[in-house]
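I have placed the structure first, in the form of structure tokens, so that the comments after it can refer back to it.
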Amino acid sequence: MTNQNNILQDSHGRDHTYLRISLVERCNLRCFYCMPAEGVQLTPKSHIMTYEEIYDIAKIFVKHGVNKIRLTGGEPLIRKDIPFVLEKLASLPVELSITSNAVIIHKFIDILKKYNVNNINLSLDTLISKKFKEITLRDEFDIVYKNILLLVKEGFKVKINAVLMKGVNDDEIIDFINFTKDLPISVRFIEFMPFDGNKWDLGKMVSYNDVMTYVNASFQESDIERLQYEPNDTSKNYKIKGFKGRFAIISSVTNPFCDSCNRLRLTANGQLKNCLFSSTESDLLTTLREGKPIEPIIQKAVQSKLKVRGGMDTLKKLQNPEKHNQNRSMITIGG
Ligand code: SAM
């Protein structure tokens, strides 16, 4: 049953209370699975949302029920006016969080605390310095590792996102889980997803079942605890008995969580995406700049959200490269 007054409810009855805002298309890393080798066509600066525009758009989403905003990118912390973005958004009644690669996050500890940004998702695909450079094309492992420990020490709630790829880092699954032994963090293994230019193929992906095969072979069955599913959870959560942290698997490819999806995405150039996998976008920024109301556009975009993965409801459809090429690269969507 849909509610016509709720502009953030889609035609499948899903309410959208979570907005992910990409602040920037650029990044200080070059992860090969995220940014195409040939780079991306960057939007001219004049077409990137200013911090006032981010606030004006976010305020409208909050008015209609959004209670959680996550800042992402590109690398959100390289945006020069990030203090202003945080200050403005922190004035809204939302839980504010951020996803970062942690390369420069040590410079932002005080400001993140000041604006109550407590939930921090960090990307780290390997615990081996040499491999980090091969994946990201930058030699930043030591600082990223140090910053993870720093954030934990400073009391932030840290989740680590690791995109698993066969022959790249699937040999580190157990090392990552052992990383949660003494640290109160959550390591989340993400199934490698297809986007424009990232040379995805199903054979490279490490599935939920693959991860659990490694886990079952390495730990006693009685030590592997399945944790309770929380509303709108995108991950299946586990813990090894006695470990301080936990681990999780985000199975967007083999077992998508679209039924309970409550997410919308706003790109740095002000386009609303109703699904990570959707190739259609709705231009909020141009309308906002024309001084016209953006609610009708938001409502139409939300209404048209497809039931499963932007219409790629089967693995076969997900494997069709034409579908990925119509979408953006992950770096310009904001993961
Ligand atoms: N720069 C920040 C960071 O590194 O976390 C935020 C942006 S990044 C695009 C957000 C997340 O998207 C990261 O955790 C990254 O691993 C994930 N990601 C990028 N490409 C992906 C892909 N092809 N499949 C699955 N996750 C991907």
Side-chain angles (χ1 to χ4, degrees), residues 20-37 40 69-79 82 85 97-105 108 112 117 119-126 132 135-138 140-141 143-144 147-148 151 156 158-166 168-170 176 185-202 204-208 211 234-235 248-254 256-257 263 265-268 273 275-277 309-310 312 318-319 321 323-325 327-335:
R20 297 171 80 101
I21 305 179
S22 174
L23 298 184
V24 57
E25 295 176 345
R26 291 170 299 113
C27 190
N28 44 359
L29 297 182
R30 294 285 178 274
C31 305
F32 67 78
Y33 59 83
C34 183
M35 186 192 266
V40 285
I69 292 180
R70 176 170 292 278
L71 303 177
T72 179
E75 172 50 37
L77 294 177
I78 65 172
R79 193 168 155 137
I82 182 79
V85 175
S97 54
I98 197 162
T99 299
S100 166
N101 58 30
V103 173
I104 55 170
I105 206 163
F108 297 89
L112 292 171
V117 185
N119 293 321
I120 313 233
N121 288 5
L122 302 175
S123 303
L124 180 68
D125 305 310
T126 175
F132 183 96
I135 295 173
T136 67
L137 307 187
R138 298 288 183 270
E140 303 282 11
F141 176 79
I143 187 74
V144 167
N147 281 345
I148 290 173
L151 286 166
F156 290 95
V158 174
K159 288 183 182 163
I160 295 188
N161 291 337
V163 179
L164 291 177
M165 290 156 289
K166 279 200 178 128
V168 176
N169 56 358
D170 51 343
F176 267 113
I185 55 172
S186 173
V187 170
R188 306 188 316 161
F189 299 115
I190 306 180
E191 288 181 350
F192 180 32
M193 298 183 274
F195 296 101
D196 187 29
N198 78 348
K199 303 195 177 81
W200 180 86
D201 88 60
L202 192 60
K204 292 182 190 162
M205 189 203 63
V206 181
S207 68
Y208 167 71
V211 175
T234 55
S235 56
I249 303 155
I250 302 183
S251 55
S252 321
V253 175
T254 62
F257 32 83
R263 286 142 196 257
R265 292 184 146 80
L266 183 62
T267 65
K273 279 179 81 74
C275 170
L276 185 57
F277 289 104
R309 259 186 332 226
M312 293 184 279
L318 194 70
Q319 282 177 274
K323 295 269 182 198
H324 322 148
N325 301 345
N327 196 357
R328 292 171 176 239
S329 301
M330 183 61 133
I331 179 133
T332 60
I333 298 176

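First listed ligand is number 1; within each ligand, the first listed atom is number 1.
Taking 4.0 Å as the cut-off, Gly74 counts as a neighbour of ligand 1 on heavy-atom distance.
Any N or O atom pair closer than 3.5 Å counts here, and Glu75 shares at least one such pair with ligand 1. Taking any N or O of Ser123, backbone or side chain, at least one lies under 3.5 Å from an N or O belonging to ligand 1. The shortest N or O to N or O distance between Gly73 and ligand 1 is not below 3.5 Å. Between Tyr33 and ligand 1, a contact under 3.5 Å exists for at least one N or O pair. Residue Met193 has at least one nitrogen or oxygen atom sitting less than 3.5 Å from a nitrogen or oxygen atom of ligand 1, judged on distance alone. Inclusion of Thr72 in the set of residues having an N or O under 3.5 Å from an N or O of ligand 1 is not warranted.
Those atoms of ligand 1 that come under 4.0 Å of a heavy atom in Asn198, given as number and element, are 23 (N). When each atom of ligand 1 is checked for a heavy atom of Glu191 under 4.0 Å away, the hits are 25 (C).
One option in Val163, Val144, Asn28 has a heavy atom closer to atom 26 (N) of ligand 1 than any other, and that option is Val163.
Side chains of Ser207 and Glu191: a donor-acceptor N/O pair is absent below 3.5 angstrom, by distance only.
Partner of Val253 under the side-chain contact (heavy atoms from CB on, under 4.5 Å) criterion, out of Met193, Met312, Gln319: Met193 alone. Just one residue in the list Ile98, Val103, Asn101, Asn28 forms a side-chain contact (heavy atoms from CB on, under 4.5 Å) with Leu77, and that residue is Ile98.
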